[in-house]
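Comments concern the structure below.
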Protein chains: 2
Amino acid sequence: MARTAPRTGSTPTRDRVPPHPDLRTITLQQALEALVDPVRRQIVRALHAAGEDLPCGVIELPVGKSTATHHFHVLREAGLIRQHYVGTSRMNALRGEEFTERFPGLLEALVAAPEQL
Amino acid sequence: MARTAPRTGSTPTRDRVPPHPDLRTITLQQALEALVDPVRRQIVRALHAAGEDLPCGVIELPVGKSTATHHFHVLREAGLIRQHYVGTSRMNALRGEEFTERFPGLLEALVAAPEQL
DNA sequence: GTCAAACTTTGATTGCTGTCGTACTTCGAC
DNA sequence: GTCGAAGTACGACAGCAATCAAAGTTTGAC
């Protein structure tokens with residue numbers, strides 16, 4: 001398979017800059033479904049704490065790589081992170097300000113909340 | 001079935017004041033799992049808007065009665081509502097202040113968030 | 001060119017959870 | 001007492017979402 005269209009010049013096989021949704025199209029339902037998973041919250045916390053872009057690989061997660069990919073995908077679709085490639089690494093950044101503009105106080109409350117008892 | 005123990009005097013069959021958890025035992029995970037369901041958020045919004053206790057029946061929900069019971073149960077277990085009986089009606093109140101003490105800003109952000117596009 | 005690193009894609013599995021209908025309980029009214 | 005209203009309990013079922021392993025893609029280094 002991988003029936004790529006005839007390659008012309010430097011166009012990558014797939015879009016290496018994946019689509020990022022407009023925050024105005026994100027529903028509260030979608031945002032909460034993204035944030036209810038503890039692994040995804042761990043990612044959000046790591047990005048928030050880092051304050052800079054991080055490649056997927058440097059965020060320690062208790063799941064396999066394919067599952068991690070899945071989680072990053074969900075976060076991107078929910079408008080929580082922005083992704084772009086640097087070499088073979090996919091860099092991730094929190095879309096904190098945009099998200100807060102859409103859902104004021106939500107991200108702040110979550111990163112501030114105690115994660116365990 | 002319904003093999004109730006021999007009733008003695010006025011003791012109700014089941015505890016008519018169901019157990020309410022201490023907010024300190026509620027995890028963020030539990031709170032979010034409760035709040036991720038749109039029907040349950042609808043209940044929370046209704047109680048928040050009413051500002052007073054409401055019986056289950058007066059909150060219009062797009063589900064059957066047994067499902068509604070389930071949702072109230074989940075909200076109670078997550079420390080979001082307090083329930084007590086008045087006659088055959090079960091009254092529900094938001095545990096807003098206690099919840100906010102445990103997870104500052106979370107409930108506020110959710111009730112303030114736009115629910116649809 | 002080859003190779004390894006870093007992800008991604010696909011397909012399968014598995015467990016959870018929201019839903020319902022039915023039967024049951026409790027209470028107030030009569 | 002009987003009856004209806006308001007919920008609850010109990011299975012059962014269906015759909016979804018998290019997970020993994022295996023194979024594939026893309027890039028930079030050599």
Side-chain angles (χ1 to χ4, degrees), chain A residues 1-5 7 9-19 29-43 53-78 81 83-92, chain B residues 1-7 9-19 29-43 53-78 81-92:
Chain A
M1 248 152 293
R3 205 215 82 296
T4 41
R7 305 291 301 292
S10 62
T11 308
T13 305
R14 289 186 310 285
D15 201 349
R16 296 223 102 206
V17 180
Q29 187 62 35
Q30 202 178 348
L32 287 176
E33 283 173 1
L35 289 165
V36 76
D37 187 282
V39 177
R40 290 196 285 265
R41 278 203 308 283
Q42 195 175 333
I43 295 172
D53 295 21
L54 294 179
C56 301
V58 310
I59 305 177
E60 300 270 331
L61 297 175
V63 293
K65 281 205 296 181
S66 55
T67 303
T69 295
H70 165 65
H71 286 309
F72 281 102
H73 184 83
V74 173
L75 287 173
R76 175 161 51 79
E77 295 285 281
I81 63 173
Q83 299 186 297
H84 67 105
Y85 277 97
V86 174
T88 62
S89 291
R90 193 164 215 174
M91 305 299 294
N92 304 276
Chain B
M1 246 155 297
R3 206 214 83 293
T4 41
R7 306 288 304 287
S10 60
T11 309
T13 306
R14 290 185 309 284
D15 200 347
R16 295 222 103 202
V17 181
Q29 186 62 35
Q30 202 178 348
L32 288 176
E33 283 173 0
L35 290 165
V36 78
D37 187 281
V39 177
R40 289 195 287 264
R41 277 203 308 283
Q42 195 175 333
I43 296 171
D53 294 22
L54 294 179
C56 302
V58 309
I59 305 178
E60 299 271 329
L61 296 176
V63 294
K65 280 203 300 181
S66 55
T67 304
T69 295
H70 165 66
H71 287 308
F72 282 102
H73 184 82
V74 172
L75 287 173
R76 176 162 51 81
E77 293 287 281
I81 64 173
R82 188 178 300 281
Q83 300 186 296
H84 67 106
Y85 277 96
V86 174
T88 63
S89 291
R90 193 165 213 173
M91 305 300 293
N92 304 275

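Note that these values count all heavy atoms, side chains included, but never hydrogens, waters or copies made by symmetry. Residue numbering restarts at 1 for every chain, and letters A, B, ... go by the order of the sequence lines.
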Output one line per pair: protein atom, nucleotide atom from nucleotides 1-4 of chain C, and distance, for all N/O pairs under 3.5 Å.
none

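If you check residues 60-75 of chain A against DNA chain D, the residues with a heavy atom closer than 4.0 Å are Val63(A), Gly64(A), Ser66(A), Thr67(A), His70(A), His71(A), listed by number. Residues of residues 31-40 of chain B that place a heavy atom closer than 4.0 Å to DNA chain D do not occur.
Judged by distance alone, with hydrogens and angles left aside, the side-chain atoms of Glu77(A) form no donor-acceptor pair with the main-chain N or O of Ala34(A) at under 3.5 Å.
In this view, Arg41(B) and Leu28(A), Gln29(A), Leu32(A), Pro38(B), Glu115(B) satisfy the side chain to side chain contact (heavy atoms under 4.5 Å, CB included) rule, not counting sequence neighbours. Under the side chain to side chain donor-acceptor pair (under 3.5 Å) criterion, Asp53(A) pairs with His84(A), sequence neighbours left out.
For the pair Tyr85(B) OH and dA5(D) C1', the interatomic distance rounds to 13 Å; values are reported in whole Å. If you measure from atom CZ of Arg41(A) to atom C1' of dA18(D), you get 14 Å, rounded to the nearest angstrom. In this structure, the CZ atom of Arg76(B) is 14 Å from the P atom of dG7(D), given to the nearest Å. dA6(C) atom C1' lies 15 Å from atom CG of Leu54(A), rounded to whole Å.
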Side chains of residues 65-76 of chain A: which donor-acceptor partners sit under 3.5 Å, not counting sequence neighbours?
{"from": "Thr69(A)", "atom 1": "OG1", "to": "Lys65(A)", "atom 2": "O", "distance (Å)": "3.2"}
{"from": "His71(A)", "atom 1": "ND1", "to": "Arg40(A)", "atom 2": "NH1", "distance (Å)": "3.1"}
{"from": "His73(A)", "atom 1": "ND1", "to": "Arg76(A)", "atom 2": "NH2", "distance (Å)": "3.1"}
{"from": "Arg76(A)", "atom 1": "NE", "to": "Gln83(A)", "atom 2": "OE1", "distance (Å)": "2.6"}
{"from": "Arg76(A)", "atom 1": "NH1", "to": "Pro19(A)", "atom 2": "O", "distance (Å)": "3.2"}

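The shortest non-hydrogen separation linking Val39(B) to Pro62(B) is CG2-CG, 4.3 Å.
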What's the verdict on side-chain contact (heavy atoms from CB on, under 4.5 Å) for Gln42(B) and Ile59(B), showing C-alpha distance, side-chain angles and the deciding distance?
CA-CA 9 Å; Gln42(B) 195 175 333; Ile59(B) 305 178; 5.6 Å; no

